[in-house]
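So the structure is just underneath, and the comments pick up after that.
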Amino acid sequence: SLVEIPYTRYSSSSDNYYCIDDIIATCEKIPSKVEQPLFRLGFLDPSTDNTTIQPGTKLELPFWLASSLCTRRRRLVSVDMPKTYKDSFREILKADANVVDLHKIGPYYYSFGSKLLHFDHPEIGDIADSLLQGFISRFRRIMDSSQNAYNEDTTHLTCKLDESERCVFKAGQKGLDDFQRWQTGQ
Amino acid sequence: MFGEKALELIRELHRSTEGVLPPFNDEGIRQVLEEMRSLYEQNQADVSATVAGEQGLFSGVQLRHASLERDKRCLLAYLYNRLQKIRNMRWEFGSVLPADIKTNMSEQEVQWFTKYNKCLANYMRRLGDSGLDLTQDMQPPKS
Amino acid sequence: ENLETHLKNVTLRHMPRNLQSIDKDKTAPR
């Protein structure tokens, strides 16, 4: 069952260095705060003309950069969780996961969310649970709709799905298609 | 922000549909290599200044190094995934690719494709008694 | 070998010296 998916599988380093989806997912922004002066990098902070970014400055950094500057060994910046993974949004997902448009919010909601587990942040346990429960709650409807939509336009069924869910939907559709072709002797 | 040009190469490939090879983006690759050169030179300057006794430059060096690794990953992934598309087309269209695909391949990709063809042909020739064309019957024949 | 030659010819050899190698551990698909 899905509950056994080991969290340890999700590490910040990608499953596949060459994976295009992973590269795009890791450019999602993370609210960060500078902990040590960043000299000669003032251009990274649009709100200042200074060449140095002072400690305390808040920035939105892409995950690939934040994960390199905020490690257990070295905290040049500290990070906070993006609002779509914070408590208020997790409550919405818990209330009725099926109504949430994860494509608009994502489109790599689960993949990016799993990467957030890389950080040493008090909320990551709740985020991990929320990702799993959200996926499980939505899974049944994805499977049912992908198994019953034959030879019809499926846009309305997939428009709110995140990229991982679209892969599941596509796999279900392929299974259905193969079965139909087997039944008709093809 | 660093890495934007490199990400644009990846997005361009991500947008291309299955079975279509977008034109090789020479200019995009050149710009990313240019960014990497300037990041590297800035880091070398900061390291020399640190050796000369200046303080506090480490965080900038760390940030630029992460950007260099990111640019490198995007460039290699761009090339790698283009080759995956070309390889899939070999299995779909055979050893002579359609002209519209070939015009979008770089010279080095054509060289790669020629070598790949040769490797594949050598391998298939050794199968069974008189060789076996693996690219036929990709679906189990009815029999 | 074919892939590595291609990656080296097209980009790696134009990169800064300390980035011109391919890290097998990092790039192997898991």
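Protein chains get the first letters and strands the later ones, always in sequence-line order, with residue 1 at the start of each. If you're wondering where the values come from, they're calculated on a predicted model, not measured in any experiment.
- Other residues, nucleotides and ligands place no more than 12 heavy atoms under 6.0 Å from the CZ atom of A:R140.
- Residues from residues 75-90 of chain B that place a non-hydrogen atom less than 4.5 Å from a non-hydrogen atom of chain A comprise B:L76, B:A77, B:Y80, B:N81, given in numerical order.
- Within the 4.5 Å cutoff, the side chain of B:R11 has no heavy atoms near those of the A:I20 side chain.
- Here the CG atom belonging to A:L65 is positioned 5.5 Å from the OG atom belonging to B:S67, to the nearest 0.5 angstrom.
- The contact between B:L7 and chain A is made entirely by side chain atoms (from C-beta outward), counting heavy-atom distances below 4.5 Å.
- Here the closest heavy-atom approach between residue B:R70 and residue A:I23 is recorded as NH2-O, 2.8 Å.
- Residue contact with chain B, scored on non-hydrogen atoms closer than 4.5 Å, involves the side chain of A:L76 exclusively.
- Heavy-atom neighbours of B:K102 NZ from other residues, nucleotides or ligands within 6.0 Å: at or below the threshold of 12.
- Using a 4.5 Å cut-off on side-chain heavy atoms (C-beta onward), A:T71 and B:Q62 make no contact.
- Residue-level contacts of residues 142-175 of chain A with chain B do not occur; threshold 4.5 Å between heavy atoms.
- Proximity of B:F58 to A:Q36: side-chain heavy atoms (C-beta onward) are nowhere separated by under 4.5 Å.
- Within 6.0 Å of CD on B:Q55 lie no more than 12 heavy atoms contributed by other residues, nucleotides or ligands.
- For the pair A:S68 and B:A66, the tightest heavy-atom approach, listed with the atom from each and the gap, is OG-CB, 3.3 Å.
- Between chain A and the residues B:E69, B:Q42, B:H14, the largest count of heavy-atom pairs under 4.5 Å involves B:H14.
- The environment of A:R74 atom CZ is dense: over 12 non-hydrogen atoms of other residues, nucleotides or ligands sit within 6.0 angstrom.
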